[in-house]
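Just so we're on the same page: letters track the sequence lines, and every chain starts at 1.
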Protein chains: 2
Amino acid sequence: MSKTTIAPKRTKPLLLTAIGRVERETGLAKDTLRVWERRYGFPKPLRDGNGERVYPPEQVEKLRVIRRLMDGGMRPGNLVNATLAQLSERFGALRVERGGRSGEPSPLLEYLPLIRAREAGVLQRQLAHDLMRLGLQRFVVDVVAPLNVGVGEAWTRGELEVYEEHLYSEQVQHVLRQALASAPRMTRAPRLLLTTLPGEQHQIGLLMAQACLAVEGAECLSLGPQTPARDIVLAAKAHRVDVVGLSFSSAIRLREARAAVVDLRKRLDRSIGIWAGGGLWSGMKEPVAGVTMIASLDVIPAVLTQWREQHSKAVYA
Amino acid sequence: MSKTTIAPKRTKPLLLTAIGRVERETGLAKDTLRVWERRYGFPKPLRDGNGERVYPPEQVEKLRVIRRLMDGGMRPGNLVNATLAQLSERFGALRVERGGRSGEPSPLLEYLPLIRAREAGVLQRQLAHDLMRLGLQRFVVDVVAPLNVGVGEAWTRGELEVYEEHLYSEQVQHVLRQALASAPRMTRAPRLLLTTLPGEQHQIGLLMAQACLAVEGAECLSLGPQTPARDIVLAAKAHRVDVVGLSFSSAIRLREARAAVVDLRKRLDRSIGIWAGGGLWSGMKEPVAGVTMIASLDVIPAVLTQWREQHSKAVYA
DNA sequence: GGAAATATTTGTCCTAGACAAAAACTTTAG
DNA sequence: CTAAAGTTTTTGTCTAGGACAAATATTTCC
């Protein structure tokens with residue numbers, strides 16, 4: 001290189017975002033961003049001195065909105081060439097039926113204002129209060145679970161900001177962990193290893209499951225979120241667990257999740273059960289062989305009972 | 001298409017892994033995997049019917065080991081053409097000086113056996129005991145922080161499995177959250193918004209910071225990990241915080257972290273401070289303008305005091 | 001010894017084409 | 001009118017090989 005590089009060589013203009021960063025911020029893969037540009041003409045990033053894409057903030061913002069509408073079930077083809085204003089209007093049209101049954105007195109009505117008002121303290125106290133009132137089991141099933149669905153939907157419809165959802169998660173997690181810590185530690189069978197697969201970040205599903213299981217006396221060992229399949233196999237072996245429990249929020253693609261579970265089933269010793277739970281499976285048709293699907297927290301006690309019956313038979317027969 | 005597609009079209013052979021999954025499992029980008037194949041001849045995946053790469057498990061395993069050695073500072077060029085056995089030997093040669101000062105009576109000696117023995121219950125009791133004995137502040141600074149570093153190093157050297165580290169994290173998190181819940185909730189200035197940037201998953205750093213800050217009476221609001229810059233800005237505004245606190249483990253590249261912090265500084269109102277903490281910054285030379293770097297939890301009280309002094313001056317002067 | 005210049009290594013980005021899975025739409029049968 | 005079966009469109013992910021700058025290692029010079 002010559003010595004004429006006195007001028008700063010690559011001072012990226014203020015706030016323009018490279019493709020890698022856009023991928024991280026929007027969750028849209030680099031390949032996807034490029035193919036949209038080719039097909040739909042949006043996004044249309046500027047280019048820096050090296051011919052590399054740089055995205056102005058408005059485009060990143062619009063991508064974010066599109067992503068959100070897509071999470072609600074819309075397809076990009078119709079979205080990319082709409083204006084931001086037009087996109088905002090479409091939030092109302094999002095399908096709401098995700099959870100299924102409605103009409104019940106949802107805790108959402110009570111809690112959503114608290115989340116919206118950003119009253120972290122009040123929110124936490126209300127949660128703690130409901131926990132006291134209902135007991136851990138009912139609190140999880142009747143309050144936290146539907147609340148989660150509701151918050152997810154509200155977010156999808158654009159009624160909540162990301163940070164409001166983050167704050168909510170944090171409070172719920174705090175309350176649940178506290179409750180778990182004070183719950184008596186049982187050591188009845190089955191021994192369970194709880195975790196999520198890589199890509200699934202939501203911890204709350206895991207905590208809810210742990211709570212329901214702990215209440216029923218099962219011995220839980222949680223690895224936290226995102227354990228690679230290989231390490232789940234190793235851990236299950238090392239800790240001699242009877243069952244591996246996996247949690248899936250509905251924020252993940254059904255196909256991928258299915259494939260991952262099938263893969264794990266292949267790698268894991270047949271004597272170890274796999275229980276796959278979470279909102280994701282509620283819409284599923286065909287089950288995976290050798291895997292118990294738990295579409296709702298309600299059925300955990302039944303699944304446990306069944307396991308214990310089968311297992312005691314196997315042992316004493 | 002003809003109707004001769006009676007034979008199953010694309011039954012992926014058992015346990016072979018497509019490039020997307022390898023990316024998720026090893027953390028190596030698709031581009032990187034392809035460029036290594038071109039340059040070094042490893043990995044050398046098979047091809048499926050469509051000419052797409054499928055990786056056999058041994059290669060994925062080796063990639064995982066390589067990734068681990070690279071996290072310890074080695075470079076791929078020398079690693080990719082070594083056998084698995086040769087790679088194992090190199091774990092011993094990893095640089096150990098990361099933390100800097102050593103020779104202190106490390107809690108690692110006491111705890112590592114517990115983690116290794118997979119005694120979740122004992123581990124948690126020991127942590128709780130030390131918490132009682134030392135108080136939250138000292139517990140965090142003298143036990144959890146060095147323990148974290150030690151566990152990270154042990155993992156890097158191949159002395160711990162991923163699932164052992166996961167289990168450790170989960171226990172520590174539990175104990176810390178419990179302690180935080182029972183700590184009195186102060187409402188003294190400054191108001192802090194705590195979170196991590198996208199890509200930084202480690203929650204423990206965040207919790208440690210929260211603990212140290214809570215002890216000093218600062219009002220903390222944690223959003224949990226991985227809040228996009230845009231949402232940090234919105235949240236800081238909505239909650240009228242004085243300072244945004246960010247935690248960085250050393251598992252992230254310094255350059256990217258720096259860029260992200262600089263970017264946030266640009267977007268955030270100048271009246272709102274940014275405190276960037278975590279193991280990552282201990283090796284840093286030049287600070288970022290307008291950002292307070294907190295290389296160690298020790299200095300949090302001092303930083304708080306300083307902020308309070310400056311701020312009271314500003315208000316009453 | 002240490003600083004400066006040079007060389008190598010390495011990750012990320014580029015283009016533009018291909019194809020299969022999923023979704024939407026159309027047709028056919030009961 | 002519903003349901004199954006077939007067709008078309010939409011969409012994401014994969015491919016190849018080239019390019020380049022940042023990071024790291026090595027040599028040269030004082």
> Let me know the distance between CG of A:Leu33 and P of C:dT15, rounded to the nearest Å.
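For the pair A:Leu33 CG and C:dT15 P, the rounded distance is 13 Å.
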
> Can you see if the side chain of B:Arg34 gets near the phosphate of C:dC14 - specifically, an N or O under 4.0 Å from OP1 or OP2?
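No, because none of the side-chain N or O atoms of B:Arg34 sits under 4.0 Å from OP1 or OP2 of C:dC14.
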
> Whole angstroms only, please: what is the CG-C1' distance between B:Asp31 and D:dT15?
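Going from CG in B:Asp31 over to C1' in D:dT15 covers 11 Å.
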
> Rounded to the Å, how far apart are A:Met74 CE and C:dA23 P?
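A:Met74 atom CE is separated from C:dA23 atom P by 15 Å.
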
> Do B:Asp263 and A:Arg21 meet the salt-bridge criterion of a basic N to acidic O distance under 4.0 Å?
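Salt bridge flag = yes for B:Asp263 with A:Arg21.
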
> From the set D:dT15, C:dC13, C:dC14, return the single nucleotide nearest to any side-chain atom of B:Glu52.
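Selected nucleotide: D:dT15.
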
> Less than 3.5 Å apart, any donor N or O on the side chain of A:Gln201 or B:Gln226 sitting next to an acceptor on the other?
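Result is yes, a qualifying pair exists.
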
> Compare side-chain N and O positions of A:Arg53 against OP1 and OP2 of C:dT15 and report whether any pair is under 4.0 Å apart.
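Result: yes.
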
> Closest approach to the side chain of B:Thr32, judged atom by atom: which nucleotide of D:dC14, C:dT15, C:dT12 is it?
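The nucleotide sitting nearest to the side chain is C:dT12.
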
> The side chain of A:Ile19 is closest to which nucleotide in this list: D:dT13, C:dT15, C:dC13?
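The listed nucleotide nearest to A:Ile19's side chain is C:dC13.
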
> Whether A:Lys44 and A:Glu37 form a salt bridge (side-chain N of Lys/Arg under 4.0 Å from carboxylate O of Asp/Glu) is what I want to check.
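No, this pair does not count.
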
> Quick one: is D:dT10 close enough that its OP1 or OP2 comes under 4.0 Å of any side-chain N or O from A:Tyr40?
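So the side-chain polar atoms of A:Tyr40 never come under 4.0 Å of the phosphate oxygens OP1 or OP2 of D:dT10.
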
> Using the salt bridge (Lys or Arg N to Asp or Glu O under 4.0 Å) criterion, which residues pair with A:Lys30? Sequence neighbours excluded.
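If we apply the salt bridge (Lys or Arg N to Asp or Glu O under 4.0 Å) test to A:Lys30, skipping adjacent residues, the hits are A:Glu23.
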
> How long is the line joining CZ of B:Arg75 and P of C:dT8, in whole Å?
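Nearest whole value for this atom pair: 13 Å.
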
> Side chain of B:Arg47 only, heavy atoms from C-beta on: which candidate in D:dG12, C:dC13, D:dT15 is closest?
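That would be D:dT15.
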
> How do B:Gly20 and A:Gly77 order along DNA chain D: which one's closest nucleotide is nearer the 5' end?
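Its nearest nucleotide being more 5', the pick is A:Gly77.
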
> Look at the side-chain N and O atoms of B:Asn50 and state whether any lies under 4.0 Å from the OP1 or OP2 oxygen of C:dA18.
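It does not, given that no N or O in the side chain of B:Asn50 lies less than 4.0 Å from OP1 or OP2 of C:dA18.
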
> Just how far, in rounded Å, is P of D:dT11 from CZ of A:Arg67?
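Computing the A:Arg67:CZ to D:dT11:P distance gives 15 Å.
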
> What is the distance, rounded to the nearest whole Å, between atom CD1 of A:Ile66 and atom P of D:dT11?
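Distance, rounded to whole Å: 11 Å.
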
> Any N or O donor-acceptor pair under 3.5 Å from the base of C:dA16 to the side chain of A:Arg38?
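Pair found.
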
> Are the charged groups of A:Glu161 and B:Arg230 less than 4.0 angstrom apart, N to O?
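Salt bridge flag = yes for B:Arg230 with A:Glu161.
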
> How long is the line joining CG of A:Leu28 and P of D:dT11, in whole Å?
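Those two atoms, CG and P, are 13 Å apart.
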
> Report the nucleotide, chosen from C:dC13, C:dT12, D:dT15, that has the shortest atom-to-atom distance to any side-chain atom of A:Lys30.
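Nearest to the side chain of A:Lys30 among the choices is C:dC13.
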
> Would you indicate what B:Arg21 reaches in the nucleic acid, counting non-hydrogen atoms under 4.0 angstrom: base, sugar-phosphate, or nothing?
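No contact at all - B:Arg21 keeps every heavy atom at 4.0 Å or more from the nucleic acid.
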
> Over all strands shown, is B:Arg39 touching base, sugar-phosphate only, or nothing at heavy-atom distances under 4.0 angstrom?
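It contacts base atoms.
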
> Round to the nearest Å and state the distance from A:Glu37 atom CD to C:dT15 atom P.
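Computing the A:Glu37:CD to C:dT15:P distance gives 7 Å.
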
> In terms of side-chain heavy atoms, does A:Ser247 have a donor or acceptor partner in A:Glu200 at a distance below 3.5 Å?
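Note: A:Ser247 and A:Glu200 side chains miss the donor-acceptor criterion.
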
